[in-house]
There are 2 protein chains.
Amino acid sequence: MMPDKAGAKARAEGNAAAEAGHGGRPAARPLYVQVKELMRARLSDGSWKPGRILPSEFELAAEFGVSQGTVRKALDELAVERLVVRRQGKGTFVAEHDEDRALFHFLKLLADDGGRALPESRVLGVKAARANAAERAALALEEGAKVWRIDRLRHLSGRPAILEQVAAPEALFPGLGKEEPVPNTLYRLYEARYGVTVARAEERLKAVAAGAAEAQALDIAPGASLLAIDRIAFAIDGRPVEWRRSLCLTDRHHYLAELV
Amino acid sequence: MMPDKAGAKARAEGNAAAEAGHGGRPAARPLYVQVKELMRARLSDGSWKPGRILPSEFELAAEFGVSQGTVRKALDELAVERLVVRRQGKGTFVAEHDEDRALFHFLKLLADDGGRALPESRVLGVKAARANAAERAALALEEGAKVWRIDRLRHLSGRPAILEQVAAPEALFPGLGKEEPVPNTLYRLYEARYGVTVARAEERLKAVAAGAAEAQALDIAPGASLLAIDRIAFAIDGRPVEWRRSLCLTDRHHYLAELV
DNA sequence: TAGTGGTCTAGACCACCAT
DNA sequence: TGGTGGTCTAGACCACTAG
């Protein structure tokens with residue numbers, strides 16, 4: 001543990017406790033924030049892989065030279081961010097995009113009757129291309145950078161309901177387009193195959209009119225209203241790693257948002 | 001403080017500290033959760049009014065017969081729920097729907113260029129009526145209960161953009177329809193005039209086609225795509241207190257959602 | 001200077017889980 | 001039975017605010 005300012009020497013010599021809490025340490029950023037960032041870095045760089053168990057709070061405290069309570073506060077906040085999962089009596093684990101989380105945590109579209117229909121996908125096409133301006137802006141890419149574009153049609157309750165184009169940087173996901181088959185839950189693939197964990201996302205919604213091709217794919221009339229969802233997904237370190245645009249039929253489904 | 005099970009007598013006699021943390025108390029629900037619920041009740045029943053300062057953590061701890069750390073944990077969670085606001089060096093305050101929060105915290109519609117245009121309202125009509133089936137379902141009302149219905153047109157960036165109907169139970173807001181004028185920020189009125197604090201809300205979104213009357217009000221073509229937002233607002237105690245349906249033009253605006 | 005919330009530590013006991 | 005996270009207390013010092 002290397003704190004921001006003073007106290008580093010004392011800490012390195014093993015009397016961290018005496019310095020950190022009770023002593024006259026200036027502490028630019030709170031200790032628990034520093035511990036949290038160190039742990040976040042391990043989650044981000046692959047030192048702690050998804051699904052694996054973390055050292056116990058006391059072990060982490062000893063390693064970082066802080067008290068168990070400080071480690072706990074850092075872990076609490078990582079748990080709120082869903083980067084780790086606590087299981088009483090067992091330990092603390094690195095969060096994983098299991099099938100359920102991948103499918104439902106980031107998919108806010110529900111059936112009007114309350115059910116969650118399984119969103120099965122049919123891939124319409126996969127190709128690599130130079131990123132266009134919108135993709136470069138969303139993904140913070142340089143001019144000339146390449147992306148994979150995946151077009152697919154997803155079904156809800158057995159009916160075509162979501163027409164979707166996914167754009168992902170080729171540099172981050174080499175060979176993604178050659179995966180056979182492209183799985184239904186891309187985030188699991190990003191995590192397992194490329195070590196990229198999607199931690200959060202931003203979605204921007206608009207109501208738009210269906211174009212001719214979209215109408216045909218979704219089996220609706222041209223000009224019908226569709227819910228357009230633009231999503232940017234961010235990795236643990238905050239980098240944007242995927243951009244997708246989904247056109248959704250909302251005659252029997254709706255998008256649910258909770259405001260606190 | 002009346003804990004769930006055992007320890008009540010000891011606590012009432014003043015040695016709560018000895019019993020609660022170190023003793024053999026079974027503790028069905030954690031102490032801090034019980035403290036939190038007690039404080040939530042005070043916020044809900046008007047004992048602690050919006051804007052007022054709370055007793056200090058030590059005073060609350062003494063009153064409830066727990067340690068300051070336990071009160072702190074309860075307050076931390078209430079702060080996450082935005083029911084209280086902490087200000088270092090000053091104290092902890094009951095959260096208030098100030099102009100900004102009322103306008104922007106629950107309004108997720110942003111201009112595409114990133115600006116937040118002030119949503120000015122023009123009231124089209126206010127009337128009392130028996131709640132229809134949809135309103136009864138959303139607001140958990142009995143057959144025959146009455147609601148106020150407020151129709152209004154809201155402008156964003158100077159253009160008509162949101163056509164909205166608000167439904168609020170008459171029993172909860174007597175005389176609401178006679179307020180002159182009906183203010184732009186209803187939640188502030190609910191709070192200041194009726195003691196009802198909106199704590200959270202659920203929104204369900206769909207893309208719909210504009211009807212003739214809607215198209216005229218919004219100055220668009222009939223059949224154009226609109227974003228329909230159904231919102232149910234809940235008070236601190238969890239009761240639904242308002243239902244509103246907003247039809248939004250999204251050609252220059254979008255709805256922003258964050259997924260964690 | 002006094003009071004408040006914010007951080008940090010230390011140590012106790014509980015509930016849960018695997019063995 | 002031993003180890004884990006979960007709760008609770010106690011007491012210290014810091015940073016901020018106000019008089």
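Naming: A, B, ... by sequence-line order, numbering from 1 per chain.
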Separation of atom [atom1] in [X] from atom [atom2] in [N], rounded to whole Å:
| X | N | atom1 | atom2 | result |
| --- | --- | --- | --- | --- |
| A/Leu75 | D/dT4 | CG | P | 13 Å |
| A/Phe58 | D/dG5 | CZ | C1' | 10 Å |
| A/Glu59 | D/dT4 | CD | C1' | 10 Å |
| A/Arg29 | C/dG6 | CZ | P | 19 Å |
| B/Tyr32 | C/dA15 | OH | C1' | 13 Å |
| B/Arg87 | C/dG3 | CZ | C1' | 16 Å |
| B/Asp76 | C/dG6 | CG | C1' | 9 Å |
| A/Leu54 | D/dT4 | CG | P | 12 Å |

Please tell me if A/Ser67 has a side-chain N or O lying less than 4.0 Å from either OP1 or OP2 of C/dA10. no
Short side-chain N/O contact from A/Lys90 to OP1 or OP2 of C/dC16, under 4.0 Å = no
Taking for B/Arg86 and for A/Val71 the nucleotide of DNA chain C with the nearest heavy atom, the one nearer the 5' end belongs to B/Arg86
For B/Arg154 and B/Ser121, which I'm curious about, is there any donor-acceptor pair between the side chains at under 3.5 Å?
yes
*Which part of the nucleic acid, if any, lies within reach of B/Gln88 when heavy atoms closer than 4.0 Å are counted: base, sugar-phosphate only, or nothing?*
base
Whichever of B/Lys73 and B/Gln68 has the more 5' nearest nucleotide on DNA chain D, that residue is B/Lys73
**Asked** So, does the side chain of A/Arg72 form a donor-acceptor pair with the base of D/dG5 at under 3.5 Å?
**Response** no
**Q.** Other residues, nucleotides, ligands: >12 heavy atoms within 6.0 Å of B/Phe58 CZ
**A.** no
Of all heavy-atom pairs linking A/Arg86 and A/Leu75, the shortest is NH2-CB, 2.9 Å
Paired to D/dG11 by Watson-Crick or G-U wobble criteria (both distances under 3.5 Å) is C/dC8
To the nearest 0.5 Å, atom OG1 of B/Thr92 lies from atom CG of B/Leu83 at 12.5 Å
Is it true that A/Glu96 and A/Arg101 have a side-chain N and a carboxylate O under 4.0 angstrom from each other? no
